[in-house]
Structure formats: C-alpha cells, structure tokens
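What follows is one structure encoded as structure tokens, with my remarks underneath.
To find a chain, count down the sequence lines: A is the first, B the second, and so on, and within it residues start at 1.
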2 protein chains.
Amino acid sequence: MAKDVARRRSTLDEVAELAGVSRSVASRALNNAPYVSSAKREAVERAARRLGYVPDTTARALATRRTGVAALVVSGEDPSIFADPFFAQVIVGASGALEEADLHLMLCLAASGRGRRRVGELLGSGGADGVMLMALREDDPLIHMAGETAMPVVFGGRPIGPAPRWYVDADNVGGAREATEYLISRGRRRVATVCGRLDTGVGRARYRGYRDAMLAAGLAPLPPREGDFTESSGTAATAALLTDHPEVDGVFAANDNMGAGALRALRAAGRTVPGDVAVVGFDDLTVARIADPPLTTVQQPIQALGRKMARMLVALVNGQDPTPLILPTRLIVRASA
Amino acid sequence: MAKDVARRRSTLDEVAELAGVSRSVASRALNNAPYVSSAKREAVERAARRLGYVPDTTARALATRRTGVAALVVSGEDPSIFADPFFAQVIVGASGALEEADLHLMLCLAASGRGRRRVGELLGSGGADGVMLMALREDDPLIHMAGETAMPVVFGGRPIGPAPRWYVDADNVGGAREATEYLISRGRRRVATVCGRLDTGVGRARYRGYRDAMLAAGLAPLPPREGDFTESSGTAATAALLTDHPEVDGVFAANDNMGAGALRALRAAGRTVPGDVAVVGFDDLTVARIADPPLTTVQQPIQALGRKMARMLVALVNGQDPTPLILPTRLIVRASA
DNA sequence: GCTTCCAGTGGGAGCGCTCCCAGAATCTTC
DNA sequence: GAAGATTCTGGGAGCGCTCCCACTGGAAGC
C-alpha cells in the first residue's frame, strides 16, 4: 500500500469541537479576525495545536475564490529553451516575491500542443489567481488566449505587436544600442550582429538597438544573422557571417550563449578576440564570465525581472492597476571587447 | 480596475440547465462516465461549448480530494543553488512526465525558514497530491517533515542516513569510481578529489566512489577538499590543494562547475591540462562542453531523473507501490583527461 | 430605569463539483 | 406477459472552508 497510516487530517469542525466553540469562532480565531474573546481564541489555538490542524487549501480556495497560486508559463516550441539559465534566474526572483505575498508558484512549460491546451484550461478553470507569461514567438497562441481570459496576466518581455496591458521587460533596444555603440567607440567599423530569432520580441528589439546605433554612427548595418539563442546557433551564424563578410571586426551577439558560440567560431576561423574581432554579448549569465576570453556583455537584471513580474501580478490580484515596467540594462566590460 | 469585464465563469448547473438535464447527467457526460444517453451527452457537450464551460479546478479538487498538482521542492540554504542548470533539466524531465498524467507542477524553492514553513503547510494542507523532494543537506528539516506527512513523497537523490522508501538517484558512487579509475588507468597516481559538501548525500557518495577506486588500485586517497558545487568553490579548493599537494597529477571534481573552477585554478597556477594535471568532472552540463579544455565528465541522465521521479510519484498517487530507482552514469571522455 | 451600542457568538447558506442511491424507463428471457 | 436484469435519470448529501446575519448579554448613556 502506498500509505501505511492514512492519518486522516483533522478539520476545522474538530478543532472547534475540541475547543468547545462553534466553527465560526474557530475560523475567526485561526484567521486572526476580530470578534473573538481572548479566552476562546486561546482555546482554539491550543486545540489546533493538539490536533496538528492545517487548514485545507482546497476548501479555503473554494470558499474564498482565491487559490493562492500564481502560474509562470514558459512557452516555446521546445522544452529545451527552458534549459537556458535565464529562466532559472527569473524563477528565483519570482519565487522570492511570491513567497512574500504567500503565493505558491506553478510552473507550466508549454511546449507541445497538449501543454498549451492545459494552459488554456488553467486560464479558464480558476486553477490559479494569475499568470506570468513568457512567450517568445510572435505567433504563439497563448498570447491570444491571454487576451481572452479574465485572469490577470503579466507578460515577461513584450511580444511583437501591440504591447500588452501589463508587462515587465528589459530595455533591450537600449542595451543593444549601448553594446553596439561601445564597439564603435573602440574603433570597430565593420560591426555585425548575430541576432536572436526575429519573430521574437527580444530578438527584434535587440536587432533594432544594433541597427539604430549603426545608423546613428553613420555606419551601414550588416544584414542580421539569425540564431535561436543557443550556443551552437551562434557558432553557425558566426561561421556563415565570416564567410560572407570576412572583413568583420566586431560582433554584437544577442545573448551570451550565442556570444560564446561566436567566440568558438572565431577561434575556429583563426581570428583573435578582441584583436581581430571584438565581441559583445547580452544577459550576463555565467557563461559570459567563464567564456574565453570573458565576454563583454549587457547585463539585464534577470532576477529583478522575475521579482517585478511577480509583484505586478500580486498587485493585480489585489485589484490594483500597476503600470508596466522597463528595467535598465548595463554594459559589463570584460576582455572580449 | 484590474478587470474590465469580470465575465463570470459558467458553472456546471448552467450547462445542465441549458442542456435540459440534471447536474448529475451533465457531470457524467463531461467526464465521459457511463450511463448517459447519447442524445443527452451530445446536448450537454453542445451546451458546454456554447457557454465556454471549463470545470472549476478547486471545486473538483474539493469533491474528489485530488488537486491535480505535484510539487517539486528544492531545498537549500540559498536560493542560488537553484541557478545550477541541473535543476532546469530535472524540471524539464518532471514536467514532461507530469503532463502525461495531467498533473500540474508546483515549484517550491525552500531556502529561508519561511519557505520551509510553507512547504510544511503544503505537506499538511492537501495543497498537492504529492511531493518530489530534493533536499541536499543531511540536517535539512524537510527530510524529517517528509517522514511525518501522509502525502506521498519521492526523493530526488538519497539523503544521508536511512534511505527513504521512495527515491530516484543516480549511481553517484559508481560514477565517481569510474571517473577515478579512468584517471588511474591513464597513469595518474597522485589523484585528488575536489568533492562536494560532505554533509550532502551526493557529496558523500561521490567522495566514496573516489576513495573506493583509489584504495582498490592500492593508492592513498588524498584528504577531500570540500567545495559547495559552485565554480568559485572549485577554484578555491583546487588552489588550496595545489599548495598542500603540489605533486597532484589528477583531479576528480564532484561536479562540472567545480571542474571548471579547477581548470581555472590550474591555469592560474601555470599547470597544463591534461599535461600536468588531468581533470574529470561530473554531471555533463553545458559548462563541461564549453570549458577550456572541454571537460571529461561523468554523465548522469538528469532529465530522466526528473521524469522517473515524476512517474514514481504518479504511481504513488494512484495507490501503487513503486520500487526505488538508481540510474546509471556514463563516462564522457573529452580533452581534460 | 430604560434604551442604545457593540464585542462576542453560533447557525446556516453557500463556493462548484462528485457520487451515492432510489426510482423510472427500457430490455431480456423463459 | 410477468419477473428480473440493465440502462438512465435526477435529487441530495457531502467535500471543508468562509462569511453573512440574527442573536445574546453586558457596558454605556440618559
């Protein structure tokens, strides 16, 4: 048998009976509500302790119409995008903020059609009090579903198209611009970008930042080389770049993984970094520090992103109307540029 | 206001009324239960579709005493241990398996006292159908709490002390032994280990594997240098090791992060890898591939670990009594040894 | 003394679902 | 064609909690 002693959990009624009060009084006592004499309050607390009483989450949720759960949905074609350490940081931030509000975190990796259907059900079934949505692709069906639901939804990163009502995003355009400007300020003139998928909000924003900076400096942007934010795609894109544009002397990679990939491709092609080609990444994840040479990169406050999303969601759940947030980025100069 | 149109969700009663049947029939129809005429079944389905009916998770949970939620608890002193990409892989695996069983994943990062208290409440409150627990430290209070609860608990990795009834673990002893044997087989004689914390099950198991292999080869194990599974701790431990035992010609690091740290320390000390010192890591995470030189390492099937844990928990929730599992590891030879 | 007030109390009606069960309708089977 | 088996049906009692509300009794105010 699975359980040896299926010790039945005690109920509020039992606590009330043991304390010699009504269920109402017991409920009030345990919820620190007013209108309970201190004698009875104490009796209830004692009884609850003796019985090891823990209120039933589900019953409470049904009565209050509050589940105490916030969902974080990470949507993508492929569950492996979740392996990006970026998400772990988001989760650490969100988890901390939710803990403060006494909410639990439900994590939905919506890769398959089935996963997405389940998120749809979640949205309709009241299984959570609200949702933080990180959907990358512009054609992600969840973006539309989020618009339909009555449940509060906070976006992590703006999708392409009209900005959602509530979101937290990093200043991707500004960060990418700063990275590119930095390359230019170091005398680089043939600066290329290994950008992220251009059907994602981030990918497009970071490409725009690159483009803006190039144009502002009177330089011709090179056509974007698209990767999918993985290291190997960065290697491939950079290798292709070097074939078509051997004169390149600077690369802005739209994230650190691809930056690390670029370093690999450059090394394979016999280029020195930063001698021949300077490289800047984006994110400031561990990989940037341990890359060889360490990667100059644009730091975005990832934990803060998660934290702010969670706080925004909490505000929404409490009936407030918070304003969207764009978090600043910051250039971290290391050896690669 | 947070919600413009708080479109009230429709209930089963409304569906039943629209379909012209009783609530019981509607319930049976929507749950594909028998004893519903096909005419009424169809009417109910039509009505549900028209109303956009989605069953209320909470109410169902209260009635069935099943929440449809499985919790993954990651316990540690410090939320940043969660940043280890190891956990992301576990989650990907677990999430997939839970999806098959139509369960949702609740993620609890229990670092603070408050976090642990909340896990305790979860365990007692019926907020989940079961728990997957990854607790590293031997004195972790959650290990004890897990023994108290009536809720099914599957351990990820065996804690120190008596093995829990249900767990999934990697063959840490065997993997560490193989790694060490490999170093010895390559002619290394002064092999040291940068081990993980010895108050953790993994740390101790991997140290034991190292020790067993050394003794079996008639070599004297060096005293363990303890790290905390982070790269910087690997660097520090290795640096100290080189001071006390400059003659070292092989290092088995208890995970890849510390292996990468060891590489850094060795480079800083002017040793070549694998020329002067050969290094082997454990886990086979990305960092092992991108390290310089790429790290020879013991691969453990991390996604499978998560998947098996989830499947085991599902079995428990369904009243079965699965048997504990130890997953095999495999040496991946790269340039560092 | 009489109202007025209010802290304190417990009864009871939900929240939206499942599931048991009694009874009606239909189908067997000799 | 009666007796029994079988399929359907809907009423109603929960699941364990919150919260509204009607009520008590003692203090306060005149």
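A salt bridge does not link B:Arg114 with A:Glu100: every distance from a Lys NZ or Arg NE/NH1/NH2 to an Asp or Glu carboxylate oxygen is 4.0 Å or more.
Rounded to a whole Å, the CG atom of B:Leu12 is 12 Å from the P atom of C:dC19. One atom, CD of A:Glu17, and another, C1' of C:dG10, lie 14 Å apart when rounded to the nearest Å. Spacing between atom CG of B:Asp56 and atom C1' of D:dC15 amounts to 13 Å, rounded to whole angstrom units. Rounded to a whole Å, the CZ atom of A:Arg9 is 13 Å from the P atom of D:dC15. Going from atom CD of B:Glu14 over to atom C1' of C:dC15 covers 13 Å, rounded to whole Å. In this structure, the CZ atom of A:Arg65 is 6 Å from the C1' atom of C:dC15, given to the nearest Å. Computed from coordinates, the A:Leu62 CG to C:dC17 C1' distance equals 8 Å when rounded to whole Å.
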Determine, step by step, whether A:Arg65 and B:Asp56 satisfy the salt bridge (charged side-chain N to carboxylate O under 4.0 Å, His left out) criterion, reporting the C-alpha distance in whole Å, the side-chain angles of both residues, the deciding distance to 0.1 Å, and the verdict. CA-CA 10 Å; A:Arg65 311 272 61 202; B:Asp56 184 292; 3.0 Å; yes
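Residues B:Arg23 and A:Val54 each lie close to DNA chain D; by heavy-atom proximity, the contact nearer the 5' end of the strand is made by B:Arg23. Summary of the strand contacts: A:Val21 and B:Thr64 both lie near DNA chain C, and taking for each the nucleotide with the nearest heavy atom, the more 5' one is attributed to A:Val21.
Sorted by residue number, the members of residues 25-47 of chain B with any non-hydrogen atom under 4.0 Å from DNA chain D read B:Val25, B:Arg28, B:Tyr35, B:Val36, B:Ser37, B:Lys40.
Side-chain atoms of A:Ser112 and B:Glu99 form a donor-acceptor pair, as typed in the model, at a separation below 3.5 Å.
What you find for B:Cys108 and A:His104 is that their closest heavy atoms are SG-ND1, 4.3 Å.
Side-chain contact between B:Ser27 and B:Asn31: present, with at least one pair of heavy atoms (C-beta onward) separated by less than 4.5 Å. Contact of the B:Val119 side chain with the B:Leu133 side chain is not registered, since no non-hydrogen atoms from C-beta on lie closer than 4.5 Å. Looking at heavy atoms from C-beta onward, A:Val154 lies out of side-chain contact with A:Tyr167 at the 4.5 angstrom threshold.
Checking C:dC17, C:dG10, D:dC17 against the side-chain heavy atoms of A:Ser22 singles out C:dG10 as nearest. With D:dC17, C:dC19, D:dT18 as the candidates, the nucleotide lying closest to the side chain of B:Ser24 is C:dC19.
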